[in-house]
Amino acid sequence: MTDQGRTKLSGANLDKLCIDAIRVLSMDAVQKADSGHPGTPMALAPLAYVLWTRHLRFNPANPGWMDRDRFVLSAGHASMLLYSVLYLTGYDLSLEDLKQFRQWESRTPGHPEFGYTPGVETTTGPLGQGVGNSVGMAIAEAQLATLFNRPGHDVIDHRTYFIASDGDMMEGVSHEASSYAGHLRLGKLIGFYDDNHITIEGDTALTFSDDTAKRYESYGWHVQRVEDANDLEALDAAIVEAKLVVDRPSLIVVRSHIGYGSPNKHDTAEAHGSPLGADEIKLTKEALGYPSQEPFFVAPEALEHWRKMKDRGARTEQEWHTRYEAYKAAHAADAAELERRLSGEMQQGWEELIPSFTAENGNVASRAASGVVLNAIAPKIPELVGGSADLASSTNTIVKGAASMSATDHSGRNFHFGIREHGMGAVMNGMSVHGGFIPYGATFLIFSDYMRPSVRLAAVMHRHVIYVYTHDSIGLGEDGPTHQPIEQLSTLRTIPGMTVIRPADASETAEAWRAALKHKGPVAVVLTRQKLGFIDRSRYAAADGVAKGAYVLADSPGGEPQVVIMSSGSEVALIVEAQQKLEAEGIRTRTVSMPSHEIFAAQSDEYRATVLPVGVKRLSIEAGHPMSWQRWVGSDGIALGIERFGASAPYKEIYEHLGITVDKIVQSVKHLAGTRS
Ligand SMILES: Cc1ncc(C[n+]2csc(CCOP(=O)(O)OP(=O)(O)O)c2C)c(N)n1
């Protein structure tokens with residue numbers, strides 16, 4: 001007998017009490033917050049229990065232990081499932097934290113958020129992204145294991161598990177990433193599909209007739225089915241088998257019942273995203289045979305059992321440390337390099353490898369200059385790993401002589417993401433949160449739209465990932481309006497935490513890579529298809545001004561400027577030419593190159609005022625929507641840009657037709673300077 005007078009539990013009864021603890025915590029937290037999603041945590045509680053107590057390798061006391069298994073709740077709306085388990089297993093997350101579910105600055109936000117809660121590996125909620133992140137994590141593991149493990153020393157040896165819902169499976173990004181995972185034969189990736197037949201609008205019969213199991217089989221995954229989400233042994237057996245399949249990823253389709261345990265709401269869409277209500281919670285606790293009606297009650301014997309995971313986790317990590325010490329002794333240089341990569345510190349000396357460009361290089365497209373820079377610095381930055389969504393020959397993102405990432409060679413640093421921009425973005429995020437990589441991914445700027453949800457999440461998570469976006473404007477010419485970005489520059493700039501750099505020539509491109517690598521958040525390096533003239537740095541300011549986001553390229557020889565004209569990328573050449581014309585006409589003009597609005601915005605007020613003096617009228621020009629320039633030109637300035645779609649024609653003609661010309665600048669500046677009304 002325990003001190004509460006109950007019989008000491010063991011076996012199935014204890015399992016049930018532990019599982020019901022998740023259900024109760026989830027119901028109660030959602031009820032208290034008066035918002036959230038109780039149904040799926042209730043349904044998947046047994047799966048979480050089996051996975052976390054029998055399979056997952058983790059240490060609650062050290063959530064960042066490098067060889068831990070990764071767990072991703074792609075169905076992020078079911079966050080109480082994860083928070084309950086993190087509390088129960090003894091992470092630094094208290095019952096009080098659970099009671100603060102969804103409150104201001106709590107450690108239990110509505111959806112799991114990277115960096116807020118110990119044990120949360122990535123931000124999920126936008127459905128499908130977590131599946132993509134998991135693929136990225138599995139890729140990261142596979143690559144680090146291939147590069148760093150040595151015979152007898154498997155120091156990188158962990159699995160990535162995810163739980164996906166119907167919504168995750170319907171979203172295209174999960175398809176893209178899963179297809180890529182199957183192609184790469186990522187044997188340590190194990191997903192669970194929560195096949196509960198319910199989404200917000202009702203039964204999936206309304207929307208979803210896929211045979212998901214067959215779909216995943218066709219991707220090259222090993223697929224199993226568990227017919228009853230409450231059958232612990234079936235779940236366990238499926239996981240055991242999935243772990244034994246090492247030559248391809250595994251999907252376990254689990255038939256579950258949303259809101260399991262709730263007499264009136266199980267199997268209903270109502271259980272998905274609303275509190276059950278006090279009465280129904282009471283009935284559910286009764287139906288489950290739960291020992292208390294007290295909110296957030298966890299039976300001591302259940303907590304004790306769950307908390308055994310703390311000791312087990314500490315032992316698991318300790319055992320790994322012993323092996324790691326042996327590795328370190330035998331392969332000191334490898335261990336040091338692995339630790340460096342995981343720490344995020346870059347090797348010394350990479351900056352010295354950044355090439356300089358001279359007049360002798362002639363006219364160079366910034367995409368071509370970027371390829372030269374990437375290849376020059378790659379040897380000293382092995383963690384800079386990535387590729388393109390089937391446009392490598394256009395985006396110049398291949399590291400020459402390096403291997404390709406493939407099913408048979410997981411060490412390759414050149415990734416062929418296929419025509420899967422969205423999957424690429426999600427995979428990059430997964431690699432980044434895993435650690436050990438600065439992933440880059442390339443496509444045409446227009447197709448940044450195809451991956452924007454992942455780009456946004458990179459910003460939400462402050463991840464250091466680099467997007468190489470080429471073909472950056474109407475300057476790409478004949479491909480026409482479908483391929484010519486208009487609003488993309490301005491809208492990328494509006495993502496909080498995003499840094500966009502659009503260099504004006506080869507020298508600025510080199511500096512753009514320097515800035516992108518030194519920066520710690522997501523960076524888009526935006527490049528031209530067309531060749532750009534060489535800006536003679538003996539006459540114009542040095543390109544290292546890129547580090548400040550904007551800099552004075554050339555001042556008026558006549559002194560204090562009447563007008564500042566600014567631009568980015570290919571249109572800098574236009575302001576340079578316009579300045580000469582304006583000066584010839586006696587209008588004192590300053591040119592400013594502004595490759596990055598965000599970096600410039602982060603400079604001191606003093607510096608910004610040295611570039612854009614207060615009281616001097618300003619004009620900007622960019623071959624894109626002018627919205628983002630408005631803040632720099634002010635209400636009495638002019639932002640020249642394009643507010644329509646482009647056209648299919650040779651690019652010089654399109655520039656003429658759309659008014660992105662030197663003449664237009666000159667006229668507008670005269671207007672501003674008051675020399676012409
Ligand atoms: C990209 C995206 N679209 C829409 C939503 C809003 N949403 C949250 S859950 C959900 C679907 C719920 O069905 P399911 O995925 O089966 O989850 P379950 O009901 O089983 O919890 C939707 C549409 C979202 N989170 N992400």
Side-chain angles (χ1 to χ4, degrees), residues 22-23 26-27 29-30 33 35-48 72-84 101-102 109-114 122-134 162-178 191-210 212-213 215 226 229-230 251-262 265-276 421-423 425-426 429 449-458 460-461:
I22 299 177
R23 294 180 166 133
S26 301
M27 285 192 286
V30 171
S35 112
H37 303 76
T40 293
M42 293 167 74
L44 297 184
L47 168 59
V72 176
L73 183 65
S74 191
H77 59 275
S79 54
M80 271 311 303
L81 178 72
L82 182 52
Y83 298 149
S84 300
F101 181 48
R102 292 183 161 238
H111 295 84
E113 290 187 40
F114 180 81
T122 184
T123 296
T124 53
L127 291 165
Q129 297 291 337
V131 176
N133 293 173
S134 304
F162 67 82
I163 291 181
S165 63
D166 295 310
D168 285 297
M169 288 305 179
M170 289 190 215
E171 290 290 354
V173 63
S174 69
H175 160 81
E176 293 180 21
S178 298
F192 300 93
Y193 164 37
D194 175 29
D195 182 18
N196 66 14
H197 295 205
I198 293 290
T199 68
I200 293 175
E201 292 187 17
D203 198 290
T204 48
L206 285 168
T207 48
F208 200 36
S209 312
D210 301 10
T212 303
R215 189 156 63 88
V226 171
N230 286 305
L251 185 75
I252 303 172
V253 181
V254 181
R255 176 68 172 109
S256 82
H257 295 271
I258 197 163
Y260 181 85
S262 159
K265 300 212 170 164
H266 81 276
D267 269 342
T268 70
E270 249 190 300
H272 160 84
S274 319
L276 294 183
E421 295 84 359
H422 201 176
N429 288 345
D449 284 352
Y450 266 56
M451 57 189 293
R452 192 175 165 96
S454 305
V455 173
R456 184 173 192 273
L457 280 168
V460 169
M461 295 193 280

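Atoms within a ligand are numbered from 1 in the order they appear, just like the ligands themselves. All residue numbers in this chain count up from 1 along the given sequence.
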[atom] - nearest protein heavy atom and its distance:
{"atom": "atom 23 (C) of ligand 1", "result": "Ile200 CD1, 3.7 Å"}
{"atom": "atom 17 (O) of ligand 1", "result": "His77 NE2, 3.2 Å"}
{"atom": "atom 19 (O) of ligand 1", "result": "His272 ND1, 2.7 Å"}
{"atom": "atom 16 (O) of ligand 1", "result": "Ile198 O, 2.9 Å"}

Subject >> Whether Pro126 lies under 4.0 Å from ligand 1, heavy atom >> reply: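 Right, Pro126 reaches ligand 1.
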Original post:
With Asp166, which of Thr204, Thr212, Thr207 fulfils side-chain contact (heavy atoms from CB on, under 4.5 Å)?
Top reply: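 The side-chain contact (heavy atoms from CB on, under 4.5 Å) with Asp166 is passed solely by Thr204 among Thr204, Thr212, Thr207.
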**OP:** Answer with yes or no whether the side chains of Asp168 and Ser174 bring together a donor and an acceptor at under 3.5 Å.
**Re:**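 Looking only at side-chain atoms, Asp168 and Ser174 do not form any donor-acceptor pair under 3.5 Å.
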Original post:
Just checking, any donor-acceptor pair under 3.5 angstrom between side chains of Asn133 and Thr122?
Top reply: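 Yes, a side-chain donor-acceptor pair sits under 3.5 Å.
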Original post:
Is the side chain of Glu171 donor-acceptor paired with the backbone N or O of Gly128 at a distance under 3.5 Å, no angle test?
Top reply: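 No, because the side chain of Glu171 does not come within donor-acceptor range (under 3.5 Å) of the backbone of Gly128.
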**OP:** Verify, without hydrogens or angle tests, whether Ser256 (side chain) and Ala229 (backbone) share a donor-acceptor contact under 3.5 angstrom.
**Re:**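 Answer holds: no.
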Subject >> Residues, nucleotides or ligands: over 12 heavy atoms within 6.0 Å of Tyr450 OH >> reply: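 No, not enclosed.
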For ligand 1, the portion of [X] having any non-hydrogen atom under 4.0 Å away:
{"X": "Glu171", "result": "side chain"}
{"X": "Leu127", "result": "both"}
{"X": "Thr204", "result": "neither"}

**OP:** Report yes if some N/O of Thr199 lies less than 3.5 Å from some N/O of ligand 1; otherwise report no.
**Re:**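 So ligand 1 has no N or O lying under 3.5 Å from an N or O of Thr199.
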Original post:
So, do Ile258 and Thr40 sit near enough that their side-chain heavy atoms are less than 4.5 Å apart?
Top reply: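 The answer is yes, as the side chains (C-beta and beyond) meet within the 4.5 Å cut-off.
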**OP:** Determine whether Pro126 and Leu457 make a side-chain contact, defined as any pair of heavy atoms from C-beta on separated by less than 4.5 Å.
**Re:**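 Yes - at least one pair of side-chain heavy atoms lies under 4.5 Å apart.
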Distance under 4.0 Å to a non-hydrogen atom of [X]: what atoms of ligand 1 satisfy this?
{"X": "Asn196", "value": "18 (P), 20 (O)"}
{"X": "Thr40", "value": "18 (P), 20 (O), 21 (O)"}
{"X": "Gly125", "value": "24 (C), 25 (N), 26 (N)"}
{"X": "Gly167", "value": "14 (P), 15 (O), 16 (O)"}

**OP:** Using the six-membered ring wherever Trp is involved, compare the ring planes of His77 and His272 and label them parallel, tilted or perpendicular (cut-offs 30° and 60°).
**Re:**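 Taking His272 first and then His77, their aromatic rings sit tilted (interplane angle of 30° to 60°).
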Original post:
atom 12 (C) of ligand 1: protein heavy atom closer than 4.0 Å?
Top reply: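 It does; a protein heavy atom is within 4.0 Å.
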